[in-house]
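Written below as structure tokens is the structure these notes are about.
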Amino acid sequence: MPTSVDSTRRGGTRWAWYRRWSRPLGSGVLLLILLAILAACTTGDPQDTLEIRSDLNGKIYSLYSLVFWLAMAVFIIVEAMLLYSVVRFRRRSGDGLPNQIHGNNKLEIAWTIAPALLLVLVAVPTLRTIIDTNRFPAPGPDVVQVKVIGHQWWWEVQYPDLNITTANEIHLPLGKAAVFTLESADVQHSFWVPQMGGKMDVLPTRSNRMVFTPTAAGEYYGQCAELCGTSHANMRMRLIVHEGNDFNTWAQKEQAAAAAPTDQVRRGQQVFLRSACVGCHTIAGTNAQGNIAPNLSHFGGRTTLAAGILPNTPENLRRWIENPAAIKPGAKMPAFGELLKPEDLDALVVYLESLK
Ligand code: CUA
């Protein structure tokens, strides 16, 4: 029949193609998988949770290591037994139906008790770590209190004891315990600086607390870890751990009034105070006392803007003020490029950058 001859020929061609290409394709895929696995071996990534930079992360890492190596031991034993059984009891030619058995009480008791013991081995250190990481030091000179409030889509940072309010950049002294109070002004967020410790929910309905002591100076990256709307991915933060007296220097600068203004700065301040800016932002020492957007009292001293997504340069600031939503989708700040004259925008940028 012509149709079956046709289909046989088509099938034959298809299999020839498969025979020709299966090996090179298979090797290519294997190589890609191997490369992906090897990529996990890099170190020094800014958000690597396995880089320990606080006591809290150290405690989490110890627990993680214990669970990892226990799971590894179980994996190796189970896989070894499986492979042994596959090879040793494989079907050979001439074999009939194997012996049919029903259950094995001794084995079943053993493989019920063994995992239970393993779970106890994991549970005891887990409970100890939970209790240990929820021990909060009494307030005092060696403890820094930080209140972090999540907003769509930025972080408000307050130091109640130091009378400082800033945004998106948390400064801490090396080696002192930092006690965080975490709250939200709107929806659920999650506070996460991977090298300092695990995530913690930031909720509108309750205060969560977290404590850690940074063990290495440096700049660390953090971000919101709970889907919270359009610009969730743009809700970043920096944590700066200072050595020696640098934290006090920073705090004193934040507490002091900004330097004496130039004409351009004065003009920028006028623009700020007569525009919608004052409805949302606070600048210490002025009539601007809004609290639904970041406090800008020392904006010029920050390294980034728009919740850590852009370096704080006059060009970026101008771009941001002109049209925030073009940089951070869903941003609630209006596009001032349409509301202000270009000269006023220039003065505004100079004024804000002068607030060191
Ligand atoms: Cu805030 Cu995601």
Side-chain angles (χ1 to χ4, degrees), residues 45-49 51 53-54 56-57 60 133 144-160 164-172 178-212 214 219-241 277 279-282 290-297 299 302-312 316-317 319-321 323-335:
D45 298 312
Q47 304 221 57
D48 187 346
T49 48
E51 304 238 346
R53 298 290 181 268
S54 84
L56 173 62
N57 211 18
I60 295 172
T133 53
V144 184
Q145 305 280 344
V146 187
K147 185 169 177 178
V148 174
I149 303 169
H151 294 256
Q152 282 175 315
W153 292 278
W154 58 283
W155 302 96
E156 184 175 347
V157 183
Q158 299 177 353
Y159 296 77
I164 291 172
T165 300
T166 179
N168 307 318
E169 282 175 22
I170 301 167
H171 292 253
L172 294 176
V179 175
F180 286 83
T181 306
L182 305 168
E183 290 172 11
S184 168
D186 37 52
V187 299
Q188 291 186 14
H189 305 274
S190 180
F191 178 85
W192 193 32
V193 184
Q195 296 185 352
M196 291 293 143
K199 302 162 186 168
M200 187 164 278
D201 282 348
V202 177
L203 307 171
T205 47
R206 59 167 287 159
S207 281
N208 275 339
R209 294 217 297 162
M210 180 184 219
V211 60
F212 60 78
E219 189 176 341
Y220 303 98
Y221 296 100
Q223 68 196 59
C224 183
E226 176 78 46
L227 184 62
C228 58
T230 317
S231 268
H232 155 70
N234 294 322
M235 196 168 164
R236 303 184 206 165
M237 71 182 113
R238 297 277 197 288
L239 192 147
I240 297 119
V241 177
C277 317
C280 304
H281 293 281
T282 288
N291 59 6
I292 59 171
N295 183 310
L296 301 176
S297 300
F299 171 79
R302 294 182 205 151
T303 58
T304 61
L305 60 89
I309 61 179
L310 289 175
N312 185 359
N316 283 338
L317 177 59
R319 236 165 26 99
W320 169 257
I321 297 172
N323 190 1
I327 292 166
K328 191 195 273 187
K332 285 163 187 164
M333 178 165 146

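Since we're looking at a predicted model, the values are computed, not measured. Whatever order the structure lists them in is the order used to number ligands and atoms, beginning at 1.
Counting backbone and side-chain atoms alike, Met235 contributes an N/O/S atom closer than 2.8 Å to atom 1 (Cu) of ligand 1. Residue side and main chain included, His232 places an N/O/S atom under 2.8 Å of atom 2 (Cu) of ligand 1.
A donor-acceptor contact shorter than 3.5 Å links the side chain of Asn57 to the backbone of Gln195.
Looking only at atom types and distance, the side chain of Thr303 has a donor-acceptor partner in the side chain of Glu169 under 3.5 Å away. Donor-acceptor pairing under 3.5 Å is lacking for the side chains of Gln145 and Gln158.
The atom of His189 that is an N, O or S and sits closest to atom 1 (Cu) of ligand 1 is ND1. The N, O or S atom of Glu226 lying closest to atom 2 (Cu) of ligand 1 is O.
Rounded to 10°, the angle formed at atom 2 (Cu) of ligand 1 by Cys228 SG and Cys224 SG is 120°.
The aromatic rings of Trp155 and Phe191 lie perpendicular to each other, with more than 60° between the two planes, well past the 30° mark.
Of the residues listed (Ser207, Cys228, Pro204), the one engaging Ser184 in a side chain to side chain contact (heavy atoms under 4.5 Å, CB included) is Pro204, and it is the only one.
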